[in-house]
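This structure is a prediction, so every number in the text was calculated from the model and none was measured.
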There are 2 protein chains.
Amino acid sequence: MLRWLQPRPPTTDILTAADPAFERECVALFSEFLHVLGVPKSVGAIYGLLFASPGPLCFADIVEKLGVSKGSVSQGLAFLRQSRAVKTVNSKSVDGGRREYFEPELGLRRLASGLIQEKIQPLTKETRGSLQRLREQTGAAQGAQRTFQLERIKQLETWRRQLGRVLPVMQILLKVSPSAHSARQKAMAD
Amino acid sequence: MLRWLQPRPPTTDILTAADPAFERECVALFSEFLHVLGVPKSVGAIYGLLFASPGPLCFADIVEKLGVSKGSVSQGLAFLRQSRAVKTVNSKSVDGGRREYFEPELGLRRLASGLIQEKIQPLTKETRGSLQRLREQTGAAQGAQRTFQLERIKQLETWRRQLGRVLPVMQILLKVSPSAHSARQKAMAD
DNA sequence: CCGCTAGTTCAAGAAAATTTGAACCAATGC
DNA sequence: GCATTGGTTCAAATTTTCTTGAACTAGCGG
(Lines give C-alpha, C1' and ligand atoms only; values in the text may rest on other atoms or scores of the structure.)
Protein backbone atom coordinates (compact mmCIF):
# COMPACT_ATOMS: atom_id res chain seq x y z
CA MET A 1 0.00 0.00 0.00
CA LEU A 2 2.59 2.55 1.04
CA ARG A 3 3.96 2.30 -2.45
CA TRP A 4 6.04 5.41 -2.33
CA LEU A 5 8.44 5.43 0.47
CA GLN A 6 11.37 6.13 -1.71
CA PRO A 7 14.32 4.51 0.09
CA ARG A 8 15.54 7.89 1.23
CA PRO A 9 18.57 9.10 -0.68
CA PRO A 10 21.78 7.53 0.58
CA THR A 11 23.06 10.74 2.15
CA THR A 12 24.75 8.87 4.97
CA ASP A 13 27.12 11.75 4.68
CA ILE A 14 25.92 14.29 7.19
CA LEU A 15 23.26 11.99 8.49
CA THR A 16 25.62 10.00 10.69
CA ALA A 17 23.69 6.80 11.25
CA ALA A 18 20.64 7.89 13.21
CA ASP A 19 20.37 6.59 16.77
CA PRO A 20 16.93 5.05 17.24
CA ALA A 21 17.06 5.24 21.02
CA PHE A 22 17.91 8.92 20.97
CA GLU A 23 15.17 9.51 18.43
CA ARG A 24 12.60 7.73 20.55
CA GLU A 25 13.46 9.76 23.61
CA CYS A 26 13.31 13.05 21.78
CA VAL A 27 10.06 12.15 20.11
CA ALA A 28 8.52 11.22 23.45
CA LEU A 29 9.87 14.32 25.15
CA PHE A 30 8.53 16.79 22.61
CA SER A 31 5.28 14.93 22.12
CA GLU A 32 4.47 15.24 25.78
CA PHE A 33 5.80 18.71 26.24
CA LEU A 34 3.98 20.25 23.32
CA HIS A 35 0.88 18.29 24.11
CA VAL A 36 0.59 20.13 27.41
CA LEU A 37 0.74 23.36 25.46
CA GLY A 38 -2.23 22.22 23.42
CA VAL A 39 -0.35 21.04 20.36
CA PRO A 40 -1.26 17.61 18.96
CA LYS A 41 1.14 14.86 19.92
CA SER A 42 2.00 13.94 16.37
CA VAL A 43 3.15 17.49 15.79
CA GLY A 44 5.40 17.28 18.81
CA ALA A 45 6.66 13.95 17.53
CA ILE A 46 7.70 15.47 14.23
CA TYR A 47 9.56 18.26 15.94
CA GLY A 48 11.20 15.78 18.29
CA LEU A 49 12.34 13.63 15.40
CA LEU A 50 13.89 16.58 13.62
CA PHE A 51 15.50 17.65 16.87
CA ALA A 52 17.06 14.21 17.22
CA SER A 53 18.45 14.20 13.68
CA PRO A 54 21.96 15.41 12.89
CA GLY A 55 20.85 16.35 9.39
CA PRO A 56 17.67 17.57 7.75
CA LEU A 57 14.92 15.06 7.00
CA CYS A 58 12.40 14.93 4.18
CA PHE A 59 8.72 14.11 4.20
CA ALA A 60 9.23 10.43 3.45
CA ASP A 61 11.86 10.11 6.18
CA ILE A 62 9.42 11.37 8.73
CA VAL A 63 6.61 9.12 7.58
CA GLU A 64 8.90 6.15 7.78
CA LYS A 65 10.55 6.87 11.10
CA LEU A 66 7.43 7.86 12.96
CA GLY A 67 5.18 5.32 11.30
CA VAL A 68 2.32 7.75 10.94
CA SER A 69 0.23 8.55 7.90
CA LYS A 70 1.13 10.94 5.12
CA GLY A 71 -1.86 13.04 6.06
CA SER A 72 -0.68 13.57 9.60
CA VAL A 73 2.82 14.42 8.56
CA SER A 74 1.56 16.85 6.00
CA GLN A 75 -0.66 18.61 8.51
CA GLY A 76 1.91 18.49 11.24
CA LEU A 77 4.57 20.01 9.03
CA ALA A 78 2.10 22.65 7.92
CA PHE A 79 1.57 23.65 11.54
CA LEU A 80 5.25 23.64 12.36
CA ARG A 81 6.07 25.68 9.29
CA GLN A 82 3.36 28.17 10.00
CA SER A 83 4.50 28.68 13.57
CA ARG A 84 8.10 28.80 12.38
CA ALA A 85 9.20 25.87 14.49
CA VAL A 86 10.84 24.23 11.49
CA LYS A 87 12.84 25.65 8.63
CA THR A 88 12.95 24.22 5.14
CA VAL A 89 16.37 23.57 3.73
CA ASN A 90 17.13 24.20 0.12
CA SER A 91 16.28 20.87 -1.48
CA LYS A 92 19.00 21.14 -4.04
CA SER A 93 21.70 21.17 -1.43
CA VAL A 94 20.66 17.81 -0.03
CA ASP A 95 19.60 15.69 -2.95
CA GLY A 96 19.30 16.76 -6.56
CA GLY A 97 15.55 16.28 -6.62
CA ARG A 98 12.62 18.43 -5.76
CA ARG A 99 11.63 17.20 -2.35
CA GLU A 100 11.77 19.47 0.66
CA TYR A 101 14.02 18.93 3.66
CA PHE A 102 13.31 20.15 7.16
CA GLU A 103 15.32 21.28 10.16
CA PRO A 104 14.15 22.31 13.63
CA GLU A 105 14.29 25.90 14.74
CA LEU A 106 16.45 25.94 17.85
CA GLY A 107 16.02 29.51 19.05
CA LEU A 108 13.65 29.53 21.97
CA ARG A 109 12.62 33.04 21.20
CA ARG A 110 11.42 32.21 17.73
CA LEU A 111 9.80 29.01 18.87
CA ALA A 112 7.92 30.78 21.62
CA SER A 113 6.88 33.70 19.51
CA GLY A 114 5.61 31.38 16.83
CA LEU A 115 3.61 29.29 19.25
CA ILE A 116 2.29 32.37 21.00
CA GLN A 117 1.11 33.78 17.72
CA GLU A 118 -0.65 30.56 16.87
CA LYS A 119 -2.42 30.38 20.21
CA ILE A 120 -2.77 33.92 21.50
CA GLN A 121 -3.56 35.77 18.33
CA PRO A 122 -6.86 34.05 17.51
CA LEU A 123 -7.71 34.33 21.17
CA THR A 124 -7.20 38.07 21.21
CA LYS A 125 -9.38 38.42 18.15
CA GLU A 126 -12.13 36.42 19.76
CA THR A 127 -11.84 38.39 22.96
CA ARG A 128 -12.15 41.71 21.23
CA GLY A 129 -15.54 40.73 19.86
CA SER A 130 -16.75 39.55 23.24
CA LEU A 131 -15.71 42.75 24.95
CA GLN A 132 -17.56 44.72 22.32
CA ARG A 133 -20.71 42.69 22.84
CA LEU A 134 -20.41 43.04 26.59
CA ARG A 135 -20.23 46.79 26.30
CA GLU A 136 -23.34 46.84 24.14
CA GLN A 137 -25.23 44.60 26.53
CA THR A 138 -24.41 46.92 29.35
CA GLY A 139 -26.32 49.68 27.68
CA ALA A 140 -29.52 47.95 28.72
CA ALA A 141 -28.72 47.77 32.42
CA GLN A 142 -29.33 50.49 34.98
CA GLY A 143 -28.58 51.55 38.48
CA ALA A 144 -26.37 49.47 40.71
CA GLN A 145 -26.39 46.69 38.14
CA ARG A 146 -24.98 48.98 35.50
CA THR A 147 -22.29 50.24 37.83
CA PHE A 148 -21.27 46.72 38.66
CA GLN A 149 -21.11 45.66 35.02
CA LEU A 150 -19.02 48.64 34.04
CA GLU A 151 -16.65 47.78 36.84
CA ARG A 152 -16.20 44.26 35.56
CA ILE A 153 -15.64 45.44 32.01
CA LYS A 154 -12.99 47.78 33.31
CA GLN A 155 -11.36 44.80 34.97
CA LEU A 156 -11.29 42.94 31.68
CA GLU A 157 -9.65 45.89 30.02
CA THR A 158 -7.04 46.07 32.73
CA TRP A 159 -6.18 42.45 32.18
CA ARG A 160 -5.84 42.98 28.50
CA ARG A 161 -3.50 45.86 29.06
CA GLN A 162 -1.41 43.85 31.47
CA LEU A 163 -1.15 40.95 29.08
CA GLY A 164 -0.26 43.31 26.29
CA ARG A 165 2.56 44.59 28.45
CA VAL A 166 3.85 41.16 29.42
CA LEU A 167 4.00 39.37 26.10
CA PRO A 168 6.55 41.70 24.47
CA VAL A 169 8.76 41.52 27.54
CA MET A 170 8.67 37.76 27.37
CA GLN A 171 9.92 37.92 23.83
CA ILE A 172 12.86 40.00 24.93
CA LEU A 173 13.71 37.79 27.87
CA LEU A 174 13.69 34.75 25.68
CA LYS A 175 16.31 36.21 23.40
CA VAL A 176 19.13 33.80 22.78
CA SER A 177 21.07 33.69 26.01
CA PRO A 178 24.55 35.23 26.42
CA SER A 179 26.25 31.81 26.31
CA ALA A 180 28.41 33.08 23.52
CA HIS A 181 30.34 29.94 22.61
CA SER A 182 27.35 27.78 21.73
CA ALA A 183 25.94 30.51 19.52
CA ARG A 184 27.70 29.49 16.40
CA GLN A 185 26.07 30.19 13.10
CA LYS A 186 22.73 29.94 14.90
CA ALA A 187 22.30 33.64 14.47
CA MET A 188 19.40 35.47 16.06
CA ALA A 189 17.96 37.69 13.42
CA ASP A 190 14.31 37.96 14.33
CA MET B 1 -34.85 14.03 39.27
CA LEU B 2 -32.85 17.08 40.24
CA ARG B 3 -34.58 16.87 43.55
CA TRP B 4 -32.28 19.09 45.41
CA LEU B 5 -31.90 22.43 43.86
CA GLN B 6 -32.83 24.24 46.96
CA PRO B 7 -34.47 27.46 45.73
CA ARG B 8 -31.38 29.43 46.55
CA PRO B 9 -31.73 31.53 49.68
CA PRO B 10 -33.59 34.77 49.03
CA THR B 11 -30.51 36.91 49.41
CA THR B 12 -31.74 39.39 46.86
CA ASP B 13 -29.89 41.72 49.10
CA ILE B 14 -26.42 41.96 47.67
CA LEU B 15 -27.30 39.87 44.70
CA THR B 16 -28.97 42.66 42.77
CA ALA B 17 -31.15 40.81 40.31
CA ALA B 18 -28.72 38.95 38.07
CA ASP B 19 -28.64 40.04 34.42
CA PRO B 20 -28.95 36.91 32.24
CA ALA B 21 -27.53 38.62 29.16
CA PHE B 22 -24.44 39.78 31.02
CA GLU B 23 -24.06 36.33 32.51
CA ARG B 24 -24.28 34.67 29.12
CA GLU B 25 -21.64 36.92 27.64
CA CYS B 26 -19.23 36.41 30.51
CA VAL B 27 -19.75 32.68 30.48
CA ALA B 28 -19.07 32.56 26.75
CA LEU B 29 -16.03 34.82 27.03
CA PHE B 30 -14.31 32.83 29.76
CA SER B 31 -15.30 29.48 28.32
CA GLU B 32 -13.58 30.28 25.07
CA PHE B 33 -10.63 32.06 26.57
CA LEU B 34 -9.74 29.38 29.07
CA HIS B 35 -10.44 26.67 26.57
CA VAL B 36 -7.60 27.97 24.44
CA LEU B 37 -5.37 27.70 27.47
CA GLY B 38 -6.28 24.04 27.75
CA VAL B 39 -8.87 24.35 30.49
CA PRO B 40 -12.20 22.56 29.98
CA LYS B 41 -14.99 24.81 28.80
CA SER B 42 -17.24 24.06 31.73
CA VAL B 43 -14.54 25.27 34.05
CA GLY B 44 -14.32 28.51 32.15
CA ALA B 45 -18.09 28.75 32.28
CA ILE B 46 -18.11 28.50 36.04
CA TYR B 47 -15.49 31.21 36.37
CA GLY B 48 -17.39 33.37 33.91
CA LEU B 49 -20.61 32.98 35.83
CA LEU B 50 -18.95 33.97 39.08
CA PHE B 51 -17.31 36.89 37.32
CA ALA B 52 -20.70 38.07 36.12
CA SER B 53 -22.27 37.87 39.56
CA PRO B 54 -22.36 40.84 41.91
CA GLY B 55 -22.41 38.51 44.89
CA PRO B 56 -21.03 35.07 45.72
CA LEU B 57 -22.82 32.01 44.42
CA CYS B 58 -23.22 28.58 45.89
CA PHE B 59 -22.98 25.15 44.31
CA ALA B 60 -26.70 24.90 43.61
CA ASP B 61 -26.78 28.36 42.03
CA ILE B 62 -24.12 27.34 39.58
CA VAL B 63 -25.79 24.07 38.68
CA GLU B 64 -29.03 25.89 38.05
CA LYS B 65 -27.69 28.82 36.08
CA LEU B 66 -25.33 26.88 33.88
CA GLY B 67 -27.59 23.89 33.47
CA VAL B 68 -24.77 21.40 33.82
CA SER B 69 -24.53 18.37 36.04
CA LYS B 70 -23.56 18.30 39.67
CA GLY B 71 -20.56 16.22 38.78
CA SER B 72 -19.19 18.80 36.38
CA VAL B 73 -19.70 21.65 38.78
CA SER B 74 -18.01 19.72 41.54
CA GLN B 75 -15.01 18.92 39.38
CA GLY B 76 -14.88 22.37 37.88
CA LEU B 77 -14.93 24.03 41.28
CA ALA B 78 -12.26 21.64 42.49
CA PHE B 79 -10.01 22.75 39.67
CA LEU B 80 -10.71 26.43 40.19
CA ARG B 81 -10.13 26.15 43.89
CA GLN B 82 -6.92 24.26 43.42
CA SER B 83 -5.56 26.81 41.00
CA ARG B 84 -6.79 29.59 43.26
CA ALA B 85 -9.02 31.13 40.64
CA VAL B 86 -11.94 31.22 43.04
CA LYS B 87 -12.15 32.01 46.71
CA THR B 88 -14.63 30.51 49.10
CA VAL B 89 -16.60 32.93 51.19
CA ASN B 90 -17.43 32.19 54.78
CA SER B 91 -20.76 30.41 54.48
CA LYS B 92 -22.09 31.86 57.66
CA SER B 93 -21.92 35.36 56.35
CA VAL B 94 -24.23 34.60 53.43
CA ASP B 95 -26.82 32.19 54.71
CA GLY B 96 -26.97 30.53 58.08
CA GLY B 97 -26.43 27.06 56.68
CA ARG B 98 -23.43 25.00 55.80
CA ARG B 99 -23.14 25.41 52.07
CA GLU B 100 -20.11 27.04 50.54
CA TYR B 101 -20.20 30.24 48.54
CA PHE B 102 -17.73 31.20 45.83
CA GLU B 103 -16.24 34.38 44.43
CA PRO B 104 -13.84 34.85 41.54
CA GLU B 105 -10.25 35.84 42.14
CA LEU B 106 -9.74 39.07 40.22
CA GLY B 107 -6.00 39.59 40.53
CA LEU B 108 -4.36 38.63 37.26
CA ARG B 109 -1.17 37.78 39.03
CA ARG B 110 -2.77 35.18 41.22
CA LEU B 111 -4.87 33.84 38.41
CA ALA B 112 -1.88 33.45 36.16
CA SER B 113 0.37 31.96 38.78
CA GLY B 114 -2.30 29.45 39.69
CA LEU B 115 -2.88 28.39 36.12
CA ILE B 116 0.83 28.26 35.44
CA GLN B 117 1.35 25.99 38.39
CA GLU B 118 -1.40 23.69 37.23
CA LYS B 119 0.04 23.44 33.75
CA ILE B 120 3.77 23.96 34.07
CA GLN B 121 4.47 22.05 37.23
CA PRO B 122 3.55 18.56 35.99
CA LEU B 123 5.30 19.41 32.78
CA THR B 124 8.56 20.26 34.46
CA LYS B 125 8.41 17.05 36.44
CA GLU B 126 7.86 15.02 33.29
CA THR B 127 10.63 16.84 31.52
CA ARG B 128 13.17 16.22 34.23
CA GLY B 129 12.69 12.50 33.81
CA SER B 130 13.07 12.67 30.07
CA LEU B 131 16.26 14.66 30.29
CA GLN B 132 17.64 12.11 32.68
CA ARG B 133 16.81 9.26 30.35
CA LEU B 134 18.29 11.12 27.41
CA ARG B 135 21.54 11.57 29.24
CA GLU B 136 21.69 7.88 30.03
CA GLN B 137 20.95 6.90 26.47
CA THR B 138 23.79 9.06 25.31
CA GLY B 139 26.24 6.96 27.20
CA ALA B 140 25.86 4.31 24.53
CA ALA B 141 26.72 6.54 21.59
CA GLN B 142 30.19 7.34 20.34
CA GLY B 143 32.15 9.61 18.07
CA ALA B 144 30.39 12.30 16.09
CA GLN B 145 27.05 10.91 17.10
CA ARG B 146 27.85 11.33 20.74
CA THR B 147 29.07 14.86 20.20
CA PHE B 148 25.87 15.75 18.42
CA GLN B 149 23.66 14.28 21.10
CA LEU B 150 25.49 16.08 23.87
CA GLU B 151 25.02 19.30 21.96
CA ARG B 152 21.30 18.76 21.75
CA ILE B 153 21.03 17.93 25.41
CA LYS B 154 22.88 21.13 26.17
CA GLN B 155 20.31 22.95 24.09
CA LEU B 156 17.50 21.47 26.14
CA GLU B 157 19.20 22.58 29.30
CA THR B 158 19.59 26.07 27.95
CA TRP B 159 15.90 26.22 27.23
CA ARG B 160 15.07 25.05 30.68
CA ARG B 161 17.26 27.73 32.18
CA GLN B 162 15.70 30.40 30.00
CA LEU B 163 12.20 29.35 30.94
CA GLY B 164 13.15 29.30 34.57
CA ARG B 165 14.32 32.88 34.19
CA VAL B 166 11.20 34.06 32.41
CA LEU B 167 8.43 32.65 34.56
CA PRO B 168 9.35 34.55 37.74
CA VAL B 169 9.63 37.79 35.83
CA MET B 170 6.19 37.24 34.39
CA GLN B 171 4.83 36.91 37.87
CA ILE B 172 6.29 40.25 38.80
CA LEU B 173 5.05 41.99 35.70
CA LEU B 174 1.57 40.73 36.30
CA LYS B 175 1.47 42.22 39.75
CA VAL B 176 -1.78 44.04 40.20
CA SER B 177 -1.12 47.49 38.87
CA PRO B 178 -2.03 50.46 41.05
CA SER B 179 -4.72 51.30 38.47
CA ALA B 180 -4.40 54.94 39.46
CA HIS B 181 -3.21 56.37 36.20
CA SER B 182 -3.88 53.21 34.24
CA ALA B 183 -6.84 54.77 32.50
CA ARG B 184 -4.44 56.82 30.43
CA GLN B 185 -2.87 53.85 28.72
CA LYS B 186 -5.97 53.02 26.77
CA ALA B 187 -4.00 53.01 23.56
CA MET B 188 -3.39 49.27 23.66
CA ALA B 189 -4.52 48.23 20.25
CA ASP B 190 -3.16 45.13 18.52
C1' DC C 1 -0.36 13.38 -23.26
C1' DC C 2 1.30 9.77 -20.05
C1' DG C 3 3.45 8.04 -16.09
C1' DC C 4 5.75 8.81 -11.96
C1' DT C 5 7.10 11.21 -7.64
C1' DA C 6 6.00 14.74 -3.96
C1' DG C 7 2.72 16.42 -1.32
C1' DT C 8 -2.21 18.22 0.09
C1' DT C 9 -7.14 17.73 1.31
C1' DC C 10 -10.89 16.04 3.62
C1' DA C 11 -14.56 12.69 4.92
C1' DA C 12 -14.81 9.02 7.99
C1' DG C 13 -12.95 6.17 11.67
C1' DA C 14 -10.30 5.97 16.11
C1' DA C 15 -8.81 7.90 20.25
C1' DA C 16 -8.87 11.16 23.89
C1' DA C 17 -11.14 14.43 26.77
C1' DT C 18 -15.27 15.96 28.90
C1' DT C 19 -19.91 15.40 30.86
C1' DT C 20 -23.38 12.94 32.98
C1' DG C 21 -25.91 10.56 36.60
C1' DA C 22 -26.36 7.28 39.94
C1' DA C 23 -24.15 5.61 44.00
C1' DC C 24 -21.96 7.16 47.70
C1' DC C 25 -20.09 9.87 52.01
C1' DA C 26 -20.44 13.39 55.69
C1' DA C 27 -22.66 16.68 58.38
C1' DT C 28 -26.86 18.33 60.50
C1' DG C 29 -31.23 17.96 62.74
C1' DC C 30 -35.03 15.42 64.56
C1' DG D 1 -30.88 5.94 64.66
C1' DC D 2 -32.77 7.75 60.40
C1' DA D 3 -33.92 11.32 57.07
C1' DT D 4 -32.32 15.21 54.50
C1' DT D 5 -29.15 18.44 52.49
C1' DG D 6 -24.54 19.56 50.43
C1' DG D 7 -21.27 17.71 47.96
C1' DT D 8 -17.84 14.07 45.82
C1' DT D 9 -16.58 10.00 42.92
C1' DC D 10 -16.26 7.34 39.06
C1' DA D 11 -17.79 4.25 35.24
C1' DA D 12 -20.29 4.88 31.22
C1' DA D 13 -22.06 7.99 27.60
C1' DT D 14 -21.07 11.81 24.88
C1' DT D 15 -18.49 15.29 22.54
C1' DT D 16 -14.28 16.94 20.72
C1' DT D 17 -10.06 16.30 18.68
C1' DC D 18 -6.71 13.63 16.11
C1' DT D 19 -5.40 10.32 12.62
C1' DT D 20 -5.99 7.76 8.64
C1' DG D 21 -6.21 6.69 3.81
C1' DA D 22 -8.11 7.26 -0.56
C1' DA D 23 -8.76 10.72 -3.94
C1' DC D 24 -6.72 14.56 -5.70
C1' DT D 25 -3.27 18.50 -7.43
C1' DA D 26 1.17 19.62 -9.28
C1' DG D 27 6.02 19.35 -11.15
C1' DC D 28 8.99 16.92 -14.26
C1' DG D 29 10.61 13.95 -17.96
C1' DG D 30 9.94 11.49 -21.94
Visitor: Any non-hydrogen side-chain atom of B:Y101 less than 4.5 Å from a side-chain atom of B:L57?
Guide: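 Not touching, per the 4.5 Å side-chain cut-off.
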Visitor: Starting at atom NZ of A:K41, determine the distance to atom C1' of C:dA14, rounded to an integer number of angstrom.
Guide: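 Answer to the nearest Å: 14 Å.
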Visitor: So, A:E157 and A:R135, do they make that salt bridge, N to O below 4.0 Å?
Guide: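 Answer for the salt bridge query: yes.
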Visitor: Has A:R152 got its NZ or CZ under 6.0 Å from the middle of the six-membered ring of B:F51, at an angle within 45 degrees of the ring axis?
Guide: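 Ring-cation test returns yes.
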Visitor: Whole angstrom is fine here: how far is it from CD1 in B:I62 over to P in C:dT20?
Guide: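 Interatomic distance, CD1 of B:I62 to P of C:dT20: 14 Å.
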Visitor: If you pin A:Q75 and A:F102 to their nearest nucleotides in DNA chain C, which one's is more 5'?
Guide: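 Nearest-nucleotide comparison on DNA chain C picks A:F102.
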Visitor: Could you state the CZ-P distance from A:F79 to C:dG7, rounded to the nearest angstrom?
Guide: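 Rounded to whole Å, this separation is 20 Å.
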Visitor: Name the closest nucleotide to the B:S74 side chain, picking from D:dT9, C:dT8, D:dT19.
Guide: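 Nearest to the side chain of B:S74 among the choices is D:dT9.
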Visitor: Ignoring backbone atoms, test whether B:R81 places a side-chain nitrogen or oxygen under 4.0 Å from the OP1 or OP2 oxygen of D:dT8.
Guide: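 Checking D:dT8 against B:R81, a side-chain N or O does come within under 4.0 Å of OP1 or OP2.
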Visitor: Which whole-number value in Å describes the distance from B:L34 CG to C:dA17 P?
Guide: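 After rounding, the reported distance stands at 18 Å.
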Visitor: Is any side-chain nitrogen or oxygen of A:S72 closer than 4.0 Å to OP1 or OP2 of D:dT20?
Guide: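 A:S72 to D:dT20 OP1/OP2: side-chain N or O found under 4.0 Å.
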Visitor: Going by the angle between their ring planes, with limits at 30° and 60°, are B:W159 and A:Y47 parallel, tilted or perpendicular?
Guide: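 The rings of B:W159 and A:Y47 sit tilted, inter-plane angle from 30° to 60°.
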Visitor: Might you confirm whether atom CZ of B:R84 has over 12 heavy atoms from other residues, nucleotides or ligands at distances under 6.0 Å?
Guide: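 No, CZ of B:R84 has 12 or fewer neighbouring heavy atoms, counting only those of other groups under 6.0 Å.
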Visitor: Between B:Y101 (OH) and D:dT5 (C1'), how many Å, whole number?
Guide: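 Spelled out: OH on B:Y101 to C1' on D:dT5 is 13 Å.
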Visitor: Separation of B:I46 atom CD1 from D:dG7 atom P, in whole Å?
Guide: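 In whole Å, D:dG7 P lies 13 Å from B:I46 CD1.
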Visitor: A:E100 CD to D:dC28 P: how many Å, rounded?
Guide: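 Answer to the nearest Å: 13 Å.
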Visitor: Report yes if a side-chain nitrogen or oxygen of B:S42 is closer than 4.0 Å to either non-bridging phosphate oxygen (OP1 or OP2) of C:dT18; otherwise report no.
Guide: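 The answer is no; no side-chain N or O of B:S42 sits under 4.0 Å from OP1 or OP2.
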Visitor: Is the phosphate of C:dA17, meaning OP1 or OP2, less than 4.0 Å from a side-chain N or O of A:H35?
Guide: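 Result: yes.
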Visitor: Can you check the A:K70 NZ to C:dT5 C1' distance for me, whole Å?
Guide: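 Distance, rounded to whole Å: 10 Å.
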